[in-house]
Amino acid sequence: MIVHVNGATQEIDDGATVATVVQTMNPTPAARGVAVAVDAEVVPRGQWERRELHDGARVEILTAVQGG
Amino acid sequence: MIVHVNGATQEIDDGATVATVVQTMNPTPAARGVAVAVDAEVVPRGQWERRELHDGARVEILTAVQGG
Amino acid sequence: MIVHVNGATQEIDDGATVATVVQTMNPTPAARGVAVAVDAEVVPRGQWERRELHDGARVEILTAVQGG
Amino acid sequence: MIVHVNGATQEIDDGATVATVVQTMNPTPAARGVAVAVDAEVVPRGQWERRELHDGARVEILTAVQGG
Amino acid sequence: MSDPLVIAGRKLESRLILGTGGFASLDALAQAIEASATELVTLALRRVDPTQRGSIVDVLDRAGVALLPNTAGCYTARDAVTTARLAREAFETDWIKLEVIGDDRTLLPDGPELLRAAEELVADGFVVLPYTNDDPILAVRLQDVGCAAVMPLGSPIGSGMGIRNPYNLRIMRERVELPLILDAGVGTASDAALAMELGCDGVLCASAISRAQDPTAMAGAIRAAVQAGRTAHLAGRIPRRLHAEASTTDAGLPDFDAPPAGTPHGAG
Amino acid sequence: MSDPLVIAGRKLESRLILGTGGFASLDALAQAIEASATELVTLALRRVDPTQRGSIVDVLDRAGVALLPNTAGCYTARDAVTTARLAREAFETDWIKLEVIGDDRTLLPDGPELLRAAEELVADGFVVLPYTNDDPILAVRLQDVGCAAVMPLGSPIGSGMGIRNPYNLRIMRERVELPLILDAGVGTASDAALAMELGCDGVLCASAISRAQDPTAMAGAIRAAVQAGRTAHLAGRIPRRLHAEASTTDAGLPDFDAPPAGTPHGAG
Amino acid sequence: MSDPLVIAGRKLESRLILGTGGFASLDALAQAIEASATELVTLALRRVDPTQRGSIVDVLDRAGVALLPNTAGCYTARDAVTTARLAREAFETDWIKLEVIGDDRTLLPDGPELLRAAEELVADGFVVLPYTNDDPILAVRLQDVGCAAVMPLGSPIGSGMGIRNPYNLRIMRERVELPLILDAGVGTASDAALAMELGCDGVLCASAISRAQDPTAMAGAIRAAVQAGRTAHLAGRIPRRLHAEASTTDAGLPDFDAPPAGTPHGAG
Amino acid sequence: MSDPLVIAGRKLESRLILGTGGFASLDALAQAIEASATELVTLALRRVDPTQRGSIVDVLDRAGVALLPNTAGCYTARDAVTTARLAREAFETDWIKLEVIGDDRTLLPDGPELLRAAEELVADGFVVLPYTNDDPILAVRLQDVGCAAVMPLGSPIGSGMGIRNPYNLRIMRERVELPLILDAGVGTASDAALAMELGCDGVLCASAISRAQDPTAMAGAIRAAVQAGRTAHLAGRIPRRLHAEASTTDAGLPDFDAPPAGTPHGAG
């Protein structure tokens, strides 16, 4: 199954969750300062483990940077 | 029947038209530079003669002034 | 004998010194912050006692004030 | 005899006049818009012919240019 | 050598648009129109006053100028749209100077309402000339929705404060291809010239003329200033420098003092 | 309706004095003179260059303008006085634009030397027009010693920075009865208009015209701006306000929304 | 004597909000935070970069400052709202510095989109601090929809041009009761002081500090300037005058020259 | 980290010089001295008034500040020199703030008289700090004759107009190596900060403090502003730009809208 994570295409197993892809991008997913949107909707941290991704999902995994 | 012409209450006969009230306010209604709204909708000059006013109608009869 | 002290005419005895007129204007002449000019020339404090005034002398006795 | 004309040293005959050196610098000396100073003093046009230069004289021959 | 201002296909030889508010009389207005050489003049709609003598429309018609009705006094897009439609009916013109203000003390435009009204009026076939603030982004949005020109303020209406933020007008000029007309704040001639030098295509001026001590003379002054500023803009001004740049050369400067260097004085 | 600038009894219909420095050619100068309508033009004295072709004096004579020689490049009263006397001899005029500068980078005037030179030249019968800074006190001193006009700068020569301190010019105008001519800093038309609006009687302009991309066009622009500023000054501008002053009345504003207050709707 | 800035019930002893963009390193940022004495610091959200070392959140947590996430880079209300929600999730704060820009060259805000986003975020429970332009009307609209503060620019982000139009801020201050935070354009200390003197309640500053040659020193300078401007604002400045007002009295001035009037000199 | 202002070999830790004119009482003055942290304070000489209670000299001595007598009210070099000599006698100091004014309405300095007085006083052994206008050339002349500092105005004494022509101060700073002290025109804190940012070494301030509604608070504000401006000057400000310079990077900006380019959506 194909999903788009931070603009890049990625092949994942069926049934993979948000937590799965977060871990690939960010080895310390518990860290404060990370947030995830799937298809432009926020996925609260508490749902990462159980929220499965659908084929073609657009996942944005964001973190804090300097700015403003 | 009561209508409101330029903010003032006015008693008119049933079946009175826009042209009727225009004439009371402006003795030379053909003059360029006059426009009329009934209930915030423009009534084109060509319809003044046949457009009857309903009870409670809010009529605005406007003309050119310096401005701008 | 007539002298002019701070713009006002004053009658003094012949042989009167700068110290004499300073004392009339300023009861504590030793105070720091006072200076005297006679005919637009500074008279140092050390000479006040012995410097006699001539007839028509213009004496300015100045002291500190607030200023910019 | 040596004179200094417009900053350059020039050998001239004894008895040479202002008119002489003007002519060497400016072939049309009658032209309006020329003035001469010798040793920082203006020499009026009317005196050019008879004013002899002395040894070491500093001659400035000036004319109109754009400016201002 | 013609250099017309073209708005929605209409050529205007004069780049000065005259606002008619504030003139003491229609006669004074007529004289100012003539002195200004304007070809486009604003006017407003108000309730008929049966006691009124003389019609501004007659004055403008006699002067041969085109009419630019405004929507002055409107606080909402809805009222402005209604007023524009009444003006079209009254004056038989599609042109509208669109004003939607936010406040009766500053008379500053309300951007979001203005944009909404502009969009609606463009869709309804109007030639929309919006009075806007000096925000370059809003100007671009007004261009995007199909306005015929953009008319930023220099400072509040009638304030006479000139162009308070020339930088915004410079940035706006870079971004907007439509005609830019400075529409408020002119206090005197130099303000109008500056607007044109900043790249505006025209100036709309009411109070600076109508409320001057001598409105006719001021109309002539601002007319000349608009032309001067336009010409200067096209003529390409010199750059600004902190220091001086001599206008007279030092070459050939005489030396009245010293003998020429290295010369053994009197040696000859 | 004539409104001449009068200096030392000479009437000038044009209030623009043209500086000739910086023009690329005598032809360009001649065209700018015509476009500017000036009647008084500066020039300088430098060492004769035998290779030079064409005379600026001929150009100016053909244009029918009066000459205003300057003392550009002088750093001392002595050199300026000598130069003025040479200019009188060369051009058969008592008029002199007196420049005594303090610095070749800023070309700013040296006040004490300028005052000294002015005093000496007045005593020698000259009509002295001193180029000075924007110091109101020095301006009064120059008036006191008998100058024919006072010519303050707006900003350094050739800087194009306009009038950096309009307050000083306002104060100077209150104190000086002589003609005031803004003499440096004009960068474009609006600067010239502003000078006149501040109460100057004329503008002297060189680089803004001569070094513009199109000098002839800029000459016309600045000519128009000087006139516009003069007219605006006399016409009496509106006061400045922080807030707005409506140019369209609120009286008679329609109300498209609510039924008239207190009216039992449909009661009839 | 405490004089805290209160936003949405939170008291901030420092009236300087620090933007974190532009610092060369997290160390430099940490030092500037300390020198600035700020208690509220912005940060942004971007895609996770697995190669990144060090976390700005850790730095800010160690410094003990509150976080103010922004929506920098958003051009639409929709993106800004999504970004704000992600920030709430990431940083566990309802506070959001709302930016909706119209243009990547000027970074000027898009008023209508900004207002829409503000309204939506307020409804969603956010404490909204919108970065806006200097338009007083838009500021009032932002207040009306429930923002917690209004953050106008002085000039474009990072331009260092200071406050280009102080008049607009004065007018805004008259109309807005919410805290006003100057949010862009500060170039150096005097700009920050001026903002406070105009009645702003605080200053948000990033580039002026982070890109200064010595960011830590500049952080201290701007901190002091904000306090100085605040104190000066409350202390009640003297009015502006065109002319002078002597600070030394003329009373008692000596007269070194003339004998006293009317005195027959030597008569005694 | 000490950064003293050094004038004629004397080190001053505070770069703010306090003028004493305008305080409502000696108590108010004493409080302002403390709040300002100044170490150098002006005072003047006037005819003895036998009815006067309390001595400013005592107040200044108790505060431990050095005295800087002035020659306020003098219109000629001669009077100023006499006054300076009297001040030396009265206060046992060689330091003199030299004022020679041209006009009692503007209190602007008379350049030529000032220069003459400065020359004479330097020859007589004084440490001369001349109050001068913002003319860079006169400043250089004052340096040349041996003054210990140059004290230009920003605007007329007591006008509170700030620095009307920052360009002149920039040019002056380039030309003058002596300490530059801004000596008139400060109206509020930001003016003082700006003076320092332009490269002044100190600020002399009287009316802005003494006539503020709360002089003690304003003394503290201007003290902080002088320090802030000094620090900012040394910290190296960012350059000014017409356009924006982002403080948040665009790198890593999320894309909430489109599917990634070139990806056949749902192809997996």
Side-chain angles (χ1 to χ4, degrees), chain B, chain E residues 17-26 28-29 40-52 54-61 67-73 78-79 81-93 97 99 124 129 131 151 157-158 183-184 204-207 210:
Chain B
M1 178 170 88
I2 294 291
V3 294
H4 310 291
V5 180
N6 284 357
T9 301
Q10 195 171 316
E11 172 115 39
I12 58 169
D13 296 334
D14 282 13
T17 64
V18 165
T20 316
V21 298
V22 167
Q23 206 148 13
T24 65
M25 297 297 286
N26 195 35
T28 54
R32 189 176 164 223
V34 175
V36 176
V38 174
D39 297 342
E41 291 299 320
V42 180
V43 180
R45 182 177 305 261
Q47 303 177 10
W48 290 359
E49 291 290 343
R50 63 181 184 271
R51 171 72 171 270
E52 293 184 13
L53 294 170
H54 64 89
D55 182 38
R58 287 173 294 114
V59 183
E60 293 283 350
I61 308 174
L62 306 181
T63 190
V65 298
Q66 292 174 224
Chain E
I17 304 176
L18 186 67
T20 58
F23 283 98
S25 70
L26 291 177
L29 169 59
L40 184 62
V41 174
T42 69
L43 73 177
L45 274 181
R46 288 292 179 269
R47 284 168 171 172
V48 163
D49 173 2
T51 69
Q52 173 121 24
S55 160
I56 184 174
V57 177
D58 292 345
V59 170
L60 302 185
D61 284 350
L67 306 190
L68 179 60
N70 71 22
T71 64
R78 213 181 82 182
D79 278 2
V81 167
T82 301
T83 301
R85 287 176 177 151
L86 284 162
R88 177 161 61 181
E89 182 67 20
F91 306 121
E92 293 157 14
T93 177
K97 176 183 168 188
E99 299 184 38
D124 196 12
L129 293 83
Y131 158 66
M151 306 211 296
I157 291 173
D183 183 15
L204 193 160
C205 186
S207 304
S210 67

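Order of the sequence lines fixes the chain letters, A, B, ..., with proteins taken first and strands second; residue numbering starts at 1 for each chain. Treat the numbers as computed from the prediction; the structure is a model and nothing was measured.
Nearest approach of B/A64 to E/L45, heavy atoms of both residues: N-CD2, 4.0 Å. Heavy atoms only, all atoms of each residue included: B/V65 and E/L43 are closest at O-CB, 3.6 Å. Annotation for B/A35 and E/A90: closest pair CB-CB, 3.7 Å, computed over non-hydrogen atoms.
A donor-acceptor pair is defined here as one N or O able to donate and one able to accept, closer than 3.5 Å; such a pair exists between the side chain of E/R47 and the backbone of B/N6.
No side-chain heavy atom of B/V43 sits less than 4.5 Å from a side-chain heavy atom of E/E89.
If you measure heavy-atom distances from E/A72 to chain B, you find no contacts under 4.5 Å at all. Interface remark: E/L67 contributes side-chain atoms only to the contact with chain B (heavy atom separation under 4.5 Å). For chain E, no part of B/V5 is nearby; none of its heavy atoms comes within less than 4.5 Å. Looking at E/L18, there are no atoms closer than 4.5 Å to chain B (heavy atoms on both sides), in backbone or side chain. For a residue to count as touching a neighbouring chain, one of its non-hydrogen atoms must lie under 4.5 Å from one of that chain's; by this rule E/F23 touches chain B with backbone and side chain alike. For E/D79, no part lies under 4.5 angstrom from a heavy atom of chain B.
Remark: B/D39 CG to E/T82 OG1 distance equals 11.5 Å, nearest 0.5 Å. To the nearest 0.5 Å, atom OG1 of residue B/T63 and atom CZ of residue E/R46 are 12.0 Å apart.
For B/Q47, the CD atom is densely surrounded, since the number of other residues' heavy atoms within 6.0 Å is greater than 12.
Of the candidates E/V41, E/T42, E/L26, E/L26 is the only one forming a side chain to side chain contact (heavy atoms under 4.5 Å, CB included) with B/Q66.
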